[in-house]
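Remarks on the structure that follows.
Both ligands and their constituent atoms are indexed starting at 1 by order of listing. Since the model is a prediction, treat every value here as computed from it, not as a measurement. What you see below is based on every heavy atom in this structure, not just the backbone, and it leaves out hydrogens, waters and symmetry mates.
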Amino acid sequence: MQEKVKYLIIGQGLTGTWLSYFLHKQGISFKIINDPQTVSATSVASGVINPVTGRRIVQTWMIDILLPFAIDAYKEFQENISVAIIKKAPILSIHPSLQMKVSFDYRLTHDNVYLKENDTSSLEQYFNAPFGSGEIDQCFWIDLIQFLKTGQQKISNHFIEAYFDVSDMTLNEQGVQWKNIIAEKIIFCDGLNTMNNPYFKALPFVPNKGEALIVKIKGLAPTNIYKTNITIVPWQDDLFWVGSSYEWSYSDTLPSKSFKEKMVAALDAVLKIPYEIVDHFVGIRPANTERRPFVGLHPQYPQLGICNGMGTKGCSLAPYFAKQLIDHIEHGKHIEAEADIKRFTSILSA
Ligand SMILES: Cc1cc2nc3c(=O)[nH]c(=O)nc-3n(C[C@H](O)[C@H](O)[C@H](O)COP(=O)(O)OP(=O)(O)OC[C@H]3O[C@@H](n4cnc5c(N)ncnc54)[C@H](O)[C@@H]3O)c2cc1C
């Protein structure tokens, strides 16, 4: 028997989960397809929202708008599932060099909203911190494992576990058909898999490999994120996520010996207390040359939409842009120009 819905969403990572959350909230019909065997960046990400970036410690793109939106959205999500998924976790920045200390201190006194001084003596029991430390306020940790799990439970009546093959989809004037489902719009939130999609593969994706270790560190307070030339993020109980690498060029997607050795050297240099490595995993970030999301409807096939390209900042970008896409389709609202796929009209129409 055929089933009609307004939306068919492909992929239940950060982006697909937010899209389904907002559709569910507005009572709009949808189905969401996810294949647990395909690569998911969300399932290995550390889940940090950090409002500043880079060696110059500047504010990230649109953070003044994205951050309050994301905090409200995750808190609302959390209230709906009665499981804690968002936690305020200031980053204690342990300066890895004199140059980074100078950079932090400069930013502290210039155009700074998010930086604070920090009393390094409170860290000295756990860390070697010869160049001192500072604090980045308004940082949050999202429990992405719980987010994906509870997000799926919440919409279980709409969820289909399957691999979606674009060649099984047919387009018509009313929308799309996939197996027994007829939808007005199909929205691709399938991360890097979109690179194989004939309708969207011209978008300038540049996959980025990132590795991380899960490390047991007994006694370290899980109330903060610790950042030096590596990032140490509270994970569960006395486990911490430690990473990461950013590789634009790589020959395989396996955990590497060289990454592990690099992390061990960095942990040995910075930590004063014992640790034990318990896991090592890899993810591929759906990044792109512009470092801006891909949001909107296909210029030639308006039945096809995309919400993707979240790169290294999915936790803060995904809720905001999932909502923008729905508001655009349902109410004709504007999509942020730098994120709108209209900017690729010529290559998508070629
Ligand atoms: C090591 C690492 C650390 C990171 N740390 C952070 C961080 O601290 N903060 C932050 O904001 N971001 C971080 N990121 C980036 C973040 O993970 C991504 O921006 C975000 O997860 C992208 O979400 P997505 O839903 O667009 O894609 P994905 O999470 O990749 O989701 C795509 C989904 O689609 C499904 N799928 C794909 N193809 C198909 C198909 N054909 N049929 C059915 N299902 C399919 C996949 O199974 C998956 O569930 C990190 C990434 C990595 C790799």
Measure the distances from the heavy atoms of A212 to every atom of ligand 1 and state whether one is below 4.0 angstrom. no
Give the numbers and elements of all ligand 1 atoms closer than 4.0 Å to a heavy atom of C315. 9 (N), 10 (C), 11 (O)
Is there a heavy atom of A162 sitting under 4.0 angstrom from any atom of ligand 1? yes
Is it the side chain (CB and beyond), the backbone, both or neither of L144 that lies under 4.0 Å from ligand 1, heavy atoms counted? neither
Test of understanding: given a 4.0 Å heavy-atom threshold, classify the contact between W241 and ligand 1 as side chain, backbone, both, or neither. side chain
Where the side chain of D143 meets the backbone of F147, is there a donor-acceptor pair that is under 3.5 Å apart? no
Contact partition for N193 relative to ligand 1, non-hydrogen atoms under 4.0 Å: side chain
Residue among K323, Q26, E76 satisfying side-chain hydrogen bond (donor to acceptor under 3.5 Å, both in side chains) with Y21: E76
Out of all atoms in ligand 1, which are within 4.0 Å of some heavy atom of T15? Include the element for each. 23 (O), 24 (P), 25 (O), 26 (O)
One finds that the ligand 1 atoms under 4.0 Å from a non-hydrogen atom of S244 are 1 (C)
Provide the number and element of each atom of ligand 1 under 4.0 Å from a heavy atom of G191. 27 (O), 32 (C)
Is it true that D252 and K209 have a side-chain N and a carboxylate O under 4.0 angstrom from each other? yes
So, K262 and E211, do they make that salt bridge, N to O below 4.0 Å? no
M310: numbered ligand 1 atoms lying under 4.0 Å from its heavy atoms: 19 (O)
Going by the order shown, which atoms of ligand 1 are within less than 4.0 Å of some heavy atom of C189? 32 (C), 33 (C), 34 (O)
Would you please determine whether G243 falls within less than 4.0 Å of ligand 1 on a heavy-atom basis? no
Can you list the atoms of ligand 1 that are under 4.0 Å from a heavy atom of A41? 17 (O), 21 (O), 28 (P), 29 (O), 30 (O)
G283: numbered ligand 1 atoms lying under 4.0 Å from its heavy atoms: 53 (C)
Checking side-chain polar atoms at under 3.5 Å, does T38 have a donor or acceptor matched by the opposite partner on D35? yes
List the steps, then state whether ring-ring contact (aromatic ring centres under 6.0 Å, His included) holds for Y74 with W141. CA-CA 10 Å; Y74 286 104; W141 179 68; over 10 Å; no
When you look at K88 and D137, which way does the salt bridge (Lys or Arg N to Asp or Glu O under 4.0 Å) test go after all the steps? CA-CA 9 Å; K88 193 167 183 205; D137 192 22; 3.4 Å; yes
Would you mind telling me if ligand 1 is within reach of the side chain of P36, the backbone, both or neither, using heavy atoms under 4.0 Å? neither
Give a yes/no verdict on whether any heavy atom in V39 is under 4.0 Å from an atom of ligand 1. yes
Could you check whether any side-chain N or O of S20 sits under 3.5 Å from a backbone N or O of G16, counting only pairs where one atom can act as donor and the other as acceptor? yes
Candidate list F205, F321, F200, test ring pair (Phe, Tyr, Trp, His ring centres under 6.0 Å), partner F294, passing option: F205
Parallel, tilted or perpendicular, judged at 30° and 60°: which one describes the rings of H110 and Y106? parallel
